[in-house]
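Remember, it's 1-based here, ligands and their atoms both numbered in the order they're listed. Remember, it's a predicted structure, so these values are computed and weren't measured experimentally.
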Amino acid sequence: MLAYLIGPIALVVILLLMKFNLIVREPVWLWVGVFIAVPLTSATCDRLYHRRPTTQRLHLRVAGSAAGVTTVIYLSGWGPVLVLAFAFLALENISALGSRAWRVTAAWSLVGIGAGQLAIGEHWAPSVLPISRANTLALMSAFILLFVIRMAGVVMEQKEKAESSMRLSEDRFRSLIQNSSDATIVITEEGDFSYVSPVILQLLGFEPEELIGIRAVEIVHPEDRQHVRDRFGSDVAATLELSYLQQFRMLKKDGGYCNVEAVITDQRGRPSIGGYVANVRDITERKEFEALLAHQALHDSLTGLANRQLTLDRAEQMLLRAQRNDDPVALCFIDLDNFKDTNDSLGHEAGDKLLCAVAERFTAMLRSADTVGRLGGDEFVILAEGVSLDDGPMLVAERIREALHEPFQLVGYEGLPINVTASVGIATGTRVSAQELLRDADVALYQAKAVGKDCCVLFEPEMQSAAVDRLALKSNLYSALANDQFFLVYQPIFDLQTMRVRGVEALLRWQHPTRGVIAPAEFIPVLEENGSILDVGRWVLDRACAQAAHWHRMGHRLGLSVNVSMRQLASISDLVADVRHALAQSRLSPGSLTLEVTESVLMRDADATVAHLEELKAVGVLIAIDDFGSGQSSLTYLHRFPIDGLKLDRSFVTGIDGSCDSAALLHTMVELGRTLGLSTVAEGIETCAQLDSLRAEGCGYGQGFIFARPQSPEDIEALLARAPARLPQPAGITD
Ligand code: C2E
Ligand code: MG
Ligand code: MG
């Protein structure tokens, strides 16, 4: 407004001054013309300059206004006195055009003064002062003017520098905030968003504008709100500039939540911010990873069940509760009976699937408060407390076994239902530790296995001493071979048609220094486990071959059967070397030696087995499948194995007496042997009825207590010395 009025006001003032003869008289039209021409020129030059601010146009603009000032002050006759009017012009130019204008303004002001003085000197313009005084005054004023313009320029330069560095740092911070992967949020004292950086779009899916003005807690997970509010209320308010880290969940636009970590700083004291600043980072992935790690540390990777550590932990917690309520906790230690067979015959993949399926059934059967854990292998633990125990721990165990009752049908093994049974050891208690409870249940489990598997046994304190004995047995076994504590017994194998002894099976025994003779079922698994079965197996081969060769020399041409374990078959080159060595040492003909391999071992890796058996066959020995029918043999493989005989599992022979199914199965087995051209030996014949049936089926050979128990070489010799007529005859045998 002032800019528009300044011209007319100046014109009026000049006309008044002229009226009172204070300035030189000039025609009014001249002044009016000047006051029209000067603003018009200035405005035109200004526009030109702003349209394209080049140096030439800057000069034009400054020169235009300097010409205007020169005209006005020199027309008044007081030119040199009013030189400071150029200072106002300079200040206006510098503040409008920046520091770059000071030199141009100074130059054009001097040109204006020079031109004005020339006009006075030449009497083109009036002068109130004498010319010489006017020149002196103009010179002095020019110096002062220069100084003022220079000062204004310096001040402007400094201001511009400060502004530019401020702009630069603002720019830098803005770009840092806007491009940072962390979102920056400013929250007012009232708790509303006042600034949200653009990265919030990636973090939560909201545009920043959508959040401005809304309550910050509204996008915090309801469960975390109180926690976040508490921190805001107390700590932050109390200490200015205090910053702290907080983790909570934030709402996403799609309705989900993401885990964030926020560094919150109280910046309410800073006028430029005036609130809390939160630097928010998405930690969802980190949280998920942490959760995964925690889960992995406490869970079994195969089945997802609690692992040993978590199971024991839960047992401890249950026991603590139990002590308060005097409600006992039951720990059921479960071991699958025939799991090894599945693993051996169908492979580890099937074994793993079976374990998962078993885990699922256990989990489905229990209440959520109970715990199912897997300690490793086929060992599971179920922890039950309170109401689960109402019916008594044995009923819990029965439920466990019932859960397994239905055969398992594994994906990829369709048409091959797998029957699983379990032995369960149970321990209950309140005032024991979890470790003790587990140990007691383990002892009871051992007992369950010992009494024939597929049953439940409740722990009793007397069982503990038996467990200690077993441990001692294990340690004694290490030195048994070196101490010459192993010996062999031989069980005759009879030709069921002629009833003559056709051969013998060598069976291992351990003469324990204090416990007497121990059966192989008790120690062979331990030898397998610690690897010493390889040495013991070698010893058995040497000893048995030497014995058989001795009998051959005596004129008894008996076949010799020797059992070979899984470990031995796995290290096939050693086994072949051992067999060759035993045969060479004893000079027994290879055709007299039959190696018995248990069915489940053969099926473990059928292709590798074929190769292994072929290597053995190359030595010239015979091979028989032991315990045939007990494992999960695939008949498709049977014809691929280079075998010579089948030894029918005792369970078929025992079953003949009672079940029609077993009799039918036995018939099929014998037929199968006949079709494949294999010799068939029935194991475990105990009764006349069994013997009659086997003979009637046309089974070639038999072995069992009805004929003879495994016995010493001397007893075998005595048996052989007897006339065949004196050997047990089916018709004359009583059970
Ligand atoms: P196997 O090879 O199937 O041996 C037959 C088992 O049945 C023997 O048990 C034998 O005493 C028993 N038996 C024979 N006739 C009857 C009967 O009429 N009724 C009953 N109830 N049982 C009968 P043993 O000697 O306790 O051997 C058990 C298993 O230990 C053997 O089963 C064999 O797998 C393994 N074994 C024995 N000696 C050795 C050995 O030197 N090396 C290896 N690797 N394993 C061996
Ligand atoms: Mg055998
Ligand atoms: Mg057998």
Using the side chain to side chain donor-acceptor pair (under 3.5 Å) definition, which of the options E683, Q491, R502, R650 pairs with Q703? Q491
Please confirm whether Y490 and W551 have ring centers closer than 6.0 angstrom. yes
Short question: side chain of S571, backbone of R567 - any donor-acceptor pair under 3.5 Å? yes
Do the side-chain N and O atoms of S423 and D335 include a donor-acceptor pair separated by under 3.5 angstrom? no
Shortest-distance N/O/S atom, E505 versus the Mg ion (ligand 2): OE2
Hydrogens and angles aside, do S651 and T654 bring a side-chain donor and acceptor to less than 3.5 Å of each other? no
Under 2.8 Å from the Mg ion (ligand 3), how many protein N/O/S atoms can be counted? 4
I'd like the atom pairs linking ligand 1 to the protein - N or O on both sides, separation under 3.5 Å - with distances to 0.1 Å.
{"from": "ligand 1", "atom 1": "2 (O)", "to": "E505", "atom 2": "OE2", "distance (Å)": "2.8"}
{"from": "ligand 1", "atom 1": "2 (O)", "to": "N563", "atom 2": "OD1", "distance (Å)": "2.8"}
{"from": "ligand 1", "atom 1": "2 (O)", "to": "D626", "atom 2": "OD2", "distance (Å)": "2.8"}
{"from": "ligand 1", "atom 1": "3 (O)", "to": "D627", "atom 2": "OD1", "distance (Å)": "3.1"}
{"from": "ligand 1", "atom 1": "3 (O)", "to": "E683", "atom 2": "OE2", "distance (Å)": "2.9"}
{"from": "ligand 1", "atom 1": "15 (N)", "to": "Q491", "atom 2": "NE2", "distance (Å)": "3.0"}
{"from": "ligand 1", "atom 1": "18 (O)", "to": "F705", "atom 2": "N", "distance (Å)": "2.8"}
{"from": "ligand 1", "atom 1": "19 (N)", "to": "E686", "atom 2": "OE2", "distance (Å)": "2.5"}
{"from": "ligand 1", "atom 1": "21 (N)", "to": "R650", "atom 2": "NH1", "distance (Å)": "3.0"}
{"from": "ligand 1", "atom 1": "21 (N)", "to": "E686", "atom 2": "OE2", "distance (Å)": "3.1"}
{"from": "ligand 1", "atom 1": "25 (O)", "to": "R509", "atom 2": "NH1", "distance (Å)": "2.9"}
{"from": "ligand 1", "atom 1": "25 (O)", "to": "R509", "atom 2": "NH2", "distance (Å)": "2.9"}
{"from": "ligand 1", "atom 1": "38 (N)", "to": "L508", "atom 2": "N", "distance (Å)": "3.0"}

Who passes side-chain contact (heavy atoms from CB on, under 4.5 Å) against V576, sequence neighbours left out? I572, R580, E615, L616, V619
Will you find, in the side chains of T598 and D626, an N or O donor that is under 3.5 Å from an N or O acceptor? no
Listing request: all salt bridge (Lys or Arg N to Asp or Glu O under 4.0 Å) pairs with a residue in residues 530-554, at least two apart in sequence or in separate chains. D535-R538, R538-D578
Can you tell me if E505 and N563 form a side-chain donor-acceptor pair at under 3.5 Å? yes
Quick one: sort the F486 and W510 rings into parallel, tilted or perpendicular, breaks at 30° and 60°. tilted
